[in-house]
Amino acid sequence: MAALSRSDNSILGRWWWTVDRWTLGCVGILIGFGYVLMLAASPAVAARIGASRDMFILKQVIFLALAGLVVMATSLLSLKGVRRIALAGCLLALAATALTLVHGVEIKGARRWIALPLMSVQPSEFLKPFFAVVTAWLLCEGKRTRAFPGMLLAFGVFGVILLLLKSQPDIGMLSVITCVFMTQLFIGGLNLFLVGCGVGSMAAAFVFAYTVFPHVRSRVTRFLHPEQGDHYQIDTALQAFGNGGLLGRGPGEGRVKDLLPDAHADFVFAVAGEEFGMIVCLFIIGIFLFIVARTLLKLLAEDDPFVVLAASGLVCGFGLQAFVNMASSLHLIPTKGMTLPFISYGGSSAISVALTIGLLLALTRRRTRASRLDDMPRAKRGGAARRMFA
Amino acid sequence: MALPTGQPDPTLDRETVVRVTGRDLAQRATLEKMRARLLCAAAGFGVLFGAVAVKLSIATVLFPMAPAKRQIAPQVPPIPKLSPDGDGAFAGDFGLPHVRRATITDRNGQILAISLPMAAVFANPMELIDATDAARKLKTVLPQIDVDDTVRKLSSKKQFVYIARDIPPEKEIAINDLGIPGIYFEPGEKRHYPLGRTAAQVLGAVDVDDHGVAGVERYFDKRLTKDQAPLRLSLDVRVQGVVREELEAAKEKFSAIGACAIVMDVRTGEIVSMVSLPDYDANLFSKAVDDQRFNRAVTGMYEPGSTFKLQTAAMVLETGVAHVWDRFSTVPIHVGRFTISDMKTDHFAPWLAMPEAMALSSNPAAAHMALDAGAKRQQEWLRRMGFFDRVPVELPEAARPLLPRMSNWGLSAVMTVAFGHGVAVPPLAIVRGTAATSNGGILVKPTLLARDDDAVSASAMPSGADVPPPVLQPVSATTPLPGTPTAEPEIVPQGERVLSEETSSLLRRILRMVVAGPDEHRTGKAADIPGYFVGGKTGTAEKVGAHGGYLKHTNITAFTGIFPLNAPRYAVYVMLDSPQATKDTHGWTTSAWNAVPTWHSIVARIAPMMGLFPVTEGADKIEASLSISMNPPVPPGFHQLGPGNDPGDPAHLAALAKQQKDAEKAAARAARDAQRAAAHPGTTASAPPAPRDRREAAAGPAAALRREISYQVPAR
């Protein structure tokens, strides 16, 4: 890549010189960790479920390679392309999520998956990035064009998603999507009072979920009262961290990881803790924080409200997902099955995260400031629909 | 798009200026707000990830949760190290190098308990290539395994299955030589008791994790795991074997429900043999029932019966309350509805001097001796002799004796304890007390450990092929017989002196008279072995039934003896629990008819084994030195206790008590009157303080005795 000349005017050349190479590099590092930790964590899990030792590893190699390609391909998109893909993807994902209620595979009491040949897919994973972009677009258009009920439409779509995910049920995904939505409303300049209302209703909804869904209740109870009930999983995870210490046991030297349920997915961070220790874990946290903070701070210099909202929504979703995974494997929050982006095993997750980062990179690519001066008259002439499909 | 941004387009300048109002300003304000809130969001993420980082450092470094041992234990056992001499493990030399628990031996080095290196064979079926072939090969070395079952186990989708446990090293090598991948060994050890029933209760047992759970194994658990040197006990398996054999035969013969025997060195306290029947094979501890595990010698609490009269006699002699020539009444004593008397068939003279009272074992006489001494002296004496506490021996099973409450130690208690009823003590305590009366007056501490400087006596004992010439029994410890090959250095008993040398010498003669006195009805007659100068005291205690009353004809019979009395070496004790009458005993179930003959057969066999041989020369002289007249003459200047001079007579005591009470009453009345006269001439003073023993006095000795009987329930 570095061989690309600045004067290279090809699509790839322009991409390389305009894309956020720091974030791209961070994604590369995360994928690297993903490979290493999969080698460490998955053989024991594979042996436990009776699969071949290398099944997870081989699949993950393919998934992460695909994810890399998706990041590249998506980040080549123009703003227009981003909008189109997001709208189409959002509709498709909504439909697929609705389909899970009818044709879903039930795993552990929830219908979140659609079985496809070769792999099963969790459509709600894709809903998250696409919905963030669509929300940004709707909010912006609502502001730009008075007649366009952007805010209302956004809430409408959110309501549909809320219904679908509540029925699956997938409270974790729902809370992440809700958080992202709220953050976007907040950044979009919503009245602080209304933001407060939103946070209040989230709290109320959480209490509601606690009373309605038994699995939510049991997890929260176990979190608040560690002495009660079964907490083998979290104990094992904490023992893995404890066994790792500052510098870790060394690659392949972890022992507790072999007993850790879901070591390859939800608790992969604990495997990292045991084998590589606190320092490397801090490094991983740092990378996630770097991606999030860098993107958010970069957006300060951005003038296009759509880009700001869409990018902040995407990066919040990404950051929250990483936070929920790491925090729940450290017993900071109740256990919630959520993957660690690029590191946990899982095809849906890898591709969805790749789409998120790809869209993010596409949004934050350095554009020649076409300036509002160029933009304004066209905007005036255009209108929401034309902007979308121009 | 490709416009050079550094050069503003002059044509647009004006337009811009015009447009920057209204809507554009609002948009700019919105953007400013957005930026502020973006910063907020970034800060929020900073906080979230910061919290994760903090929790991470807590979980890894600050307060890490330690993983459980099983989680991080190595899955593959360590490769066994070669023995230091280099040609160990692979040269077919199966020494016992790597066991953790030390061996226990008897005093001659005979192994009593040993840990054998055993391995458990396990397999990781996931690593096996051909389960059927592996099972077939394993069967060639381990004939006990079932091929089909093993194939099934080896084909399972597990990573760990046991194939066989406790296999010896040569089989481990043989399996290893089969070269089957996926077969592993788990090193371990197994406690083995090669002599089976021998001293099973003394040795105790270990649990599956090799922790001692009973007996010596438990008492010395730390020592056995820390120090690899064999633990040498004072037991002698040859003696132990003989004692067990004779005791078992007696138990069978008299259909006793249990039996117990102890052989102890009276000088050192070393327990040479300790047998409790019924017993069990020490290798099958887990299958033994409680009655078999029960060590009667230290845990069993039995009313000692007449063997306790020896203590009573020792007490009155040592404290000077009575002398050997004093005479004691054998007339039955009536205490409430109980009567202290001797057997109906006994026709004792109404007054007996001490030697004869002991030889005939008269209960009233013993009661009178104790009455002369009083409750306080009696308690002090028994405490000093160690009867009020656990016997200090290296067995965790040593139990506390059962005693009357000290506050309830009235006249009736004094009398019953005098002949061994109303108290329950373990047999070992009796042996210890007997040893002290005869070894010159030293209370030794019983021990199961062999003395370190015991090499002399060990070499003096015949063992194996190189039997040393038999050591003739020295006539007296001070003047060894000429020609004795190895004169043993004299061992001086260590411990508290509880009796004077003179009292001890006197008691030895009394013990001898029980066995070899002139009296035809002496109880220990059957114990005598010519040339060994044995002596001892019989004891028969009626057993306490389920309802607290004594059972007629169900006895604990015992004989506690010493030999040779001229130079005391060993105290031997035999006890039979509930022996039945046989044709030979003419219906009798008392000690003289079962415990005493058993004691005789035991000592006759073990004495030569322990290097003591019957004295043939000068026996008459020794016999004379050990005898005492049944009616010793009263030296001048002493007023003999006897008819008309009996300070311990209950009637006399009652009169004394009455006098004292009257005096107290008078004193109290006088004090009251004085008080009244002095302070308040018109008012009535409070009642006088009641005498301390008023309640007992009111209830009478019968009630006291009844209360005491409730203590007499045996230990089990």
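These values consider heavy atoms only, across backbone and side chains, with no hydrogens, waters or symmetry-generated copies. We name chains A, B, ... by the order of the sequence lines, and we start the count at 1 in each one.
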query: Atom OG1 of B:T60 and atom CD of A:E274: how far apart are they, to the nearest 0.5 Å?
result: 12.5 Å
message: For B:K190, I'd like to know if atom NZ has over 12 heavy atoms of other residues, nucleotides or ligands within 6.0 Å.
response: no
- request: Step by step, work out the side-chain contact (heavy atoms from CB on, under 4.5 Å) result for B:L39 and A:L296.
  value: CA-CA 7 Å; B:L39 279 176; A:L296 288 177; over 6 Å; no
Atom pair CE/CG of B:M34 and A:L299 - distance to nearest 0.5 Å: 10.0 Å
query: Looking at A:L300 and B:R35, what are the two nearest heavy atoms and their distance?
result: O-NE, 2.5 Å
query: Rounded to the nearest 0.5 Å, how far apart are CE of A:M326 and CG of B:L48?
result: 9.5 Å
task: Start with the C-alpha gap between B:K55 and A:H331, add the side-chain angles, then the distance that decides, and say whether side-chain contact (heavy atoms from CB on, under 4.5 Å) holds.
output: CA-CA 8 Å; B:K55 186 74 214 282; A:H331 204 225; 3.9 Å; yes
statement: When the 4.5 angstrom heavy-atom criterion is applied to B:A51 and chain A, the contacting part is both
- request: Go through A:L320 and B:F45 one step at a time and tell me if the side-chain contact (heavy atoms from CB on, under 4.5 Å) criterion holds.
  value: CA-CA 8 Å; A:L320 273 179; B:F45 270 103; 4.2 Å; yes
- request: For A:F318, check ring pair (Phe, Tyr, Trp, His ring centres under 6.0 Å) against everything at least two apart and list the hits.
  value: A:F288
- prompt: At a heavy-atom separation under 4.5 Å, does B:A41 approach chain A through its side chain, its backbone, both, or neither?
  reply: both
- request: Between chain B and each of A:L309, A:T183, A:L192, count heavy-atom pairs under 4.5 Å; write down the option with the most.
  value: A:L192
- prompt: In terms of heavy-atom pairs under 4.5 Å with chain B, which of A:G248, A:A327, A:G319, A:A293 leads?
  reply: A:G319
message: What's the separation between atom CG in A:L282 and atom CG in B:L56, rounded to the nearest 0.5 Å?
response: 5.0 Å
task: Look at atom NZ of B:K158 and say whether more than 12 heavy atoms of other residues, nucleotides or ligands are closer to it than 6.0 Å.
output: no
- request: Supply the atom-to-atom distance A:Q184 CD to B:R37 CZ, rounded to the nearest 0.5 angstrom.
  value: 13.5 Å
query: Relative to chain A, which segment of B:S57 carries a heavy atom at a distance below 4.5 Å: side chain, backbone, both, or neither?
result: both
message: Using heavy-atom distances under 4.5 Å, tell me whether A:L297 contacts chain B through its side chain, its backbone, both, or neither.
response: side chain
statement: Greatest number of non-hydrogen atom pairs under 4.5 angstrom with chain B, of A:G188, A:G189, A:S312, falls to A:G189
- line: Between B:P64 and A:G242, the two heavy atoms sitting closest are CB-CA, 3.6 Å
